*Asks:* 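My structure is below; once you've seen it, I'll send some questions.
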Amino acid sequence: QVQLVESGGGSVQSGGSLTLSCVASGNIASAVAMAWFRQVSGKEREGVALIASDGIKTYATFVRGRFTISRDNAKNTLNLQMASLKPEDTAMYYCAQMRNRQLTPRSVVSWGQGTQVTVAP
């Protein structure tokens, strides 16, 4: 269990790109999995992407090849590269440490504070 701090959010035009980062206070190499979630006000928090300790990645269907999750163990950093952004991607994005490989809020051990992503039409 580690402390997670996200950064990289901001405003971008439709079709643009952003890269989110999540810095952990401890070594994330031993984590079962790390993931990104997002949440729009009034809606349920949903999984975006997950990367397991062995490097296997899982993506939500709405990503459709636009996002890439990665991990840099040397920097204890989790990243989410987002391209071809759409207004529907507007949300608060959260970094999370997982207890297993299931991309669901029920599998989250720790949450970051979140970073806002806003995509203009």
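Position 1 is the first residue of the sequence; numbering continues from there. Source: prediction; values computed, not measured.
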*Asks:* Is there a side-chain contact between Arg101 and Ile56 (heavy atoms, below 4.5 Å)?
*Replies:*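 A side-chain contact exists here, since the closest heavy-atom pair is under 4.5 Å.
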*Asks:* When rounded to the nearest 0.5 angstrom, what is the spacing between CD in Gln116 and CE in Met92?
*Replies:*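 If we round to the nearest 0.5 Å, Gln116:CD and Met92:CE are 4.5 Å apart.
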*Asks:* Does a side-chain heavy-atom distance below 4.5 Å link Met98 with Val109?
*Replies:*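 Counting from C-beta outward, Met98 and Val109 never come under 4.5 Å.
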*Asks:* Taking the side chain as C-beta and beyond, is there a heavy-atom pair between Gln97 and Val108 under 4.5 Å?
*Replies:*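 Not in contact.
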*Asks:* Out of curiosity, does Leu4 fall in the hydrophobic cluster containing Ile69 (side-chain heavy atoms, cut-off under 4.5 Å, transitive links)?
*Replies:*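 Yes: a chain of side-chain contacts under 4.5 Å links Ile69 to Leu4.
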*Asks:* Roughly how far apart are Gln81 CD and Ser21 OG, rounded to 0.5 Å?
*Replies:*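 The distance works out to 9.0 Å.
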*Asks:* Taking atom OG of Ser110 and atom CE of Met34, what is their separation to the nearest 0.5 Å?
*Replies:*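 Rounded to the nearest 0.5 Å, the OG-CE separation comes to 8.5 Å.
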*Asks:* Under a single-linkage definition using a 4.5 Å side-chain heavy-atom cutoff for Ile, Leu, Val, Met, Phe, Trp and Tyr, are Val117 and Val48 assigned to the same hydrophobic cluster?
*Replies:*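 As far as the 4.5 Å side-chain criterion goes, Val48 and Val117 are connected within one cluster.
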*Asks:* With rounding to the nearest 0.5 Å, note down the distance linking SG in Cys95 to CG in Asn79.
*Replies:*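 Cys95 atom SG to Asn79 atom CG measures 9.5 Å (nearest 0.5 Å).
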*Asks:* Roughly how far, to the nearest 0.5 Å, is the CD atom of Gln13 from the OG1 atom of Thr118?
*Replies:*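 One gets 13.0 Å once the value is rounded to the nearest 0.5 Å.
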*Asks:* Decide yes or no for Thr19 and Leu80: does some side-chain heavy atom of the first lie under 4.5 Å from some side-chain heavy atom of the second?
*Replies:*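 No, too far: nothing below the 4.5 Å cut-off.
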*Asks:* With the 4.5 Å side-chain cut-off for hydrophobic clustering, are Ile51 and Val2 part of the same group?
*Replies:*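 Linked, Ile51 and Val2 end up in one cluster.
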*Asks:* When you measure from the centre of the six-membered ring of Tyr94, is the NZ or CZ of Arg38 closer than 6.0 Å and no more than 45° off the axis?
*Replies:*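 No.
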*Asks:* Of all heavy-atom pairs between Ala29 and Ser53, which one has the smallest distance, and what is that distance?
*Replies:*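 For Ala29 and Ser53, the tightest heavy-atom pair comes out as O-CB, 4.3 Å.
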*Asks:* What are the two closest heavy atoms between Ser14 and Pro121, and how far apart are they?
*Replies:*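 Nearest pair, atom of Ser14 first, then Pro121: CB-C, 4.1 Å.
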*Asks:* Kindly compute the distance separating CG (Asn76) from OG (Ser25), expressed to the nearest 0.5 Å.
*Replies:*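 Asn76 atom CG to Ser25 atom OG measures 8.5 Å (nearest 0.5 Å).
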*Asks:* If every non-hydrogen atom of Arg71 is compared with every non-hydrogen atom of Ala52, which pair is closest and at what distance?
*Replies:*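 That would be NH1-O, 3.0 Å.
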*Asks:* Going by the rule ring pair (Phe, Tyr, Trp, His ring centres under 6.0 Å), which residues pair with Phe37 if we only count those two or more places apart in sequence or in a different chain?
*Replies:*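 Once residues adjacent in sequence are excluded, the partners of Phe37 under the ring pair (Phe, Tyr, Trp, His ring centres under 6.0 Å) criterion are Trp111.
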*Asks:* May I ask you to check whether over 12 heavy atoms, not counting those of Lys57, lie within 6.0 Å of atom NZ?
*Replies:*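 Yes, the 6.0 Å shell around NZ holds more than 12 heavy atoms from other groups.
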*Asks:* With the side chain counted from C-beta on, respond yes when Leu20 and Glu6 share a heavy-atom pair under 4.5 Å apart, and no when they do not.
*Replies:*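 No - every pair of side-chain heavy atoms lies 4.5 Å or more apart.
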*Asks:* Which atom pair, heavy atoms only, marks the closest approach of Ser17 to Ala83?
*Replies:*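 Closest approach of Ser17 to Ala83: CB-CA, 3.9 Å.
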*Asks:* Got a sec, which residues hit salt bridge (Lys or Arg N to Asp or Glu O under 4.0 Å) with Arg66, two or more places apart in sequence or on another chain?
*Replies:*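 With neighbours one apart ignored, the set is Asp89.
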*Asks:* Considering only heavy atoms from C-beta outward, does the side chain of Leu18 approach that of Met82 to under 4.5 Å?
*Replies:*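 Leu18 vs Met82: side chains touch.
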*Asks:* For the residue pair Arg99 and Arg106, what are the closest heavy atoms and their distance?
*Replies:*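 Closest approach of Arg99 to Arg106: NE-O, 3.8 Å.
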*Asks:* So do the side chains of Glu46 and Phe62 get within less than 4.5 Å of each other, counting heavy atoms only?
*Replies:*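 Yes, side chains in contact.
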*Asks:* Determine yes or no for a side-chain-to-main-chain donor-acceptor pair under 3.5 angstrom, with Ser107 supplying the side chain and Pro105 the backbone.
*Replies:*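 No; judged by distance alone, with no hydrogens or angles, the pair does not exist.
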*Asks:* Can you find a heavy atom in the side chain of Leu103 that is under 4.5 Å from one in the side chain of Tyr59?
*Replies:*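 With C-beta onward as the side chain, the pair stays apart.
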